[in-house]
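Notes to accompany the following structure.
Source: prediction; values computed, not measured. Here is how names work: the chains are called A, B, and so on, in the same order as the sequence lines, proteins then strands, and each is numbered from 1.
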Amino acid sequence: MLDAHKIKKDFPIFRQKFSGQPLVYLDSTASSQKPQAVIDAVSECYEKYYANVHRGIYQLSELASDAYEASRATVAKFIGATIREIIFTRNATESLNLIAFTWGKQNISEGDEIIITEMEHHANIVPWQQLTAEKKAKLHYWPITDEGRLDLDKLDALLNGRTKLVSLSHMSNVLGTINPVKDIIKKIRKYRSDIVISIDGAQSLPHIPVNVVDIDADFYSFSSHKMLGPAGVGVLYGKAEILESMPPFLTGGDMITKVTFEGAEWNDIPFKFEAGTPNIAGVIGLAAAINYLEDLGMDNVYQHEQDLTAKVFSELLKIDGLKLFGPKDIKDRGAIFSFTLGDIHPHDLASILDEQGVAIRAGHHCAQPLHQRFGIEATGRASFYIYNTDEDIKSLIEGLKKAQELFSL
Amino acid sequence: MSFDMYREIIMDHYKNPRNFGAIKNADGQATKDNPLCGDSIQITYSVGKEKLSDIKFNGTGCSISLAGASVLTENIKGKKFDEVKNYTDEDFMKDLTVPISPARRKCALLGLRALRQAMDIEQHEN
């Protein structure tokens, strides 16, 4: 069991007051807050051993390079990968774009087909729309049920001889649905073993234990800033043999072994995909975030959020006129709650909650097609993480009731 | 102004919008959307001699965008064309009389944006 009150003390931001009240932060799905350990790791890098990596002969550069590469090892171990399969990017969006711009351009041709789902974040839609438009390929959307789950039987109708790639999220950033990616991948592999499978793990990795080898994904993308780490760092995991076959993404320094006036030779993976000076301190901060999460234990993180989910559910469903999207069964569901409340516009909900120091998100959460699917423009979204307590749930419920009172026509 | 007074003005216009509806045989109309949240405001107007003789708004949205459009129609109705043309975002914010957080400013200004589009006035900021 996690002690969220104790955890909260590790996060300096919670010492601040908003609207004269303690901060109730319910927008970790957009970006998480940072513990002191992460802030310290970033500061320490700049204070004690900062220099560019992979270049200097001097001691300082070696220290920085060692810390940077040790962070890569930390990330690899966290998801069950090998070190050379971890590529640092700017965020999960860039990781997904990297796949589209390199593997995609090399392997997708006219008439080929890509499958994504109706529940994707724009980051896992637009790169594939662009790629299929450019290559005259087809993009299919795997439908979801009214409860916000993928309909496994409907996948059969979409798979065919031209299917080259399936890309889907591990956890929906709107519905909270945790997709059974291991079963899905097994099913796809059984159909045809050469279909490449990319998993958008931006929402799942911060909240549930993940082993990329166990689920057998070809690619797995995620962002540091959603998992307690600094913003500006993302990760792309790719199976080594696939990464080796791919052309580079951005070109320039560090990703080459040799440059002449005539051309260049590419460096080995993962460096082939890391052109230019990376976000050194950010990567080191991500490793500190992973250490923090591992100290808590990812099973405990998941259990804490399951407990919160059960409580939030029972409270939310008591509110008249509240419509909750996503699975009603808390199993295989994250602590992300998107909802509408009567006719109250989500922006008004968010503003009224903000007056009480409660931060929720309002809008389409970068998933407009999904909102279209449900025939709505926008929802309010409250999302929970390790530092959220029962009191936070209470503040949310009180805020929603207050909004209801104010807007009663 | 206290927060409750602010809320009272917004809620008053939200619940009892002024000049709500559409003018039949209007001299001009335009609709502006805020794609991020689905707000949509339509403005219709008719002109008299050198002035805006009537204006109405229609639409769906949050309390700030609807109240904003309502306050706008109240304040702009009967103004001369020159005055409408020179009516800035800041003028509107003053007429609204309530402080709007930066995040909601776009909502408040949606009606004015629609009016300017309807009258072919440049969307000058400030």
Apply salt bridge (Lys or Arg N to Asp or Glu O under 4.0 Å) to K401(A) and list each qualifying residue two or more places apart in sequence or on a separate chain. none
Salt bridge check, D348(A) against R7(B): does any charged N sit closer than 4.0 Å to a carboxylate O? no
Would one find more than 12 heavy atoms of other residues, nucleotides or ligands at under 6.0 Å from atom [atom1] of [X]?
X	atom1	result
K77(B)	NZ	yes
F101(A)	CZ	no
K79(B)	NZ	yes
K94(B)	NZ	no

For R104(B) against H347(A), the heavy-atom pair lying closest together: NH1-O, 3.2 Å
dist K15(B):NZ -> F407(A):CZ (nearest 0.5 Å) comes out at 8.0 Å
Nearest 0.5 Å please: distance from the OG atom of S63(B) over to the CG atom of L406(A). 9.5 Å
Strictly by modelled atom types, are D39(B) and H345(A) linked by a side-chain donor-acceptor pair under 3.5 Å? yes
So which residues of residues 367-386 of chain A are in contact with chain B at a heavy-atom cut-off of under 4.5 Å? Q368(A), E377(A), A378(A)
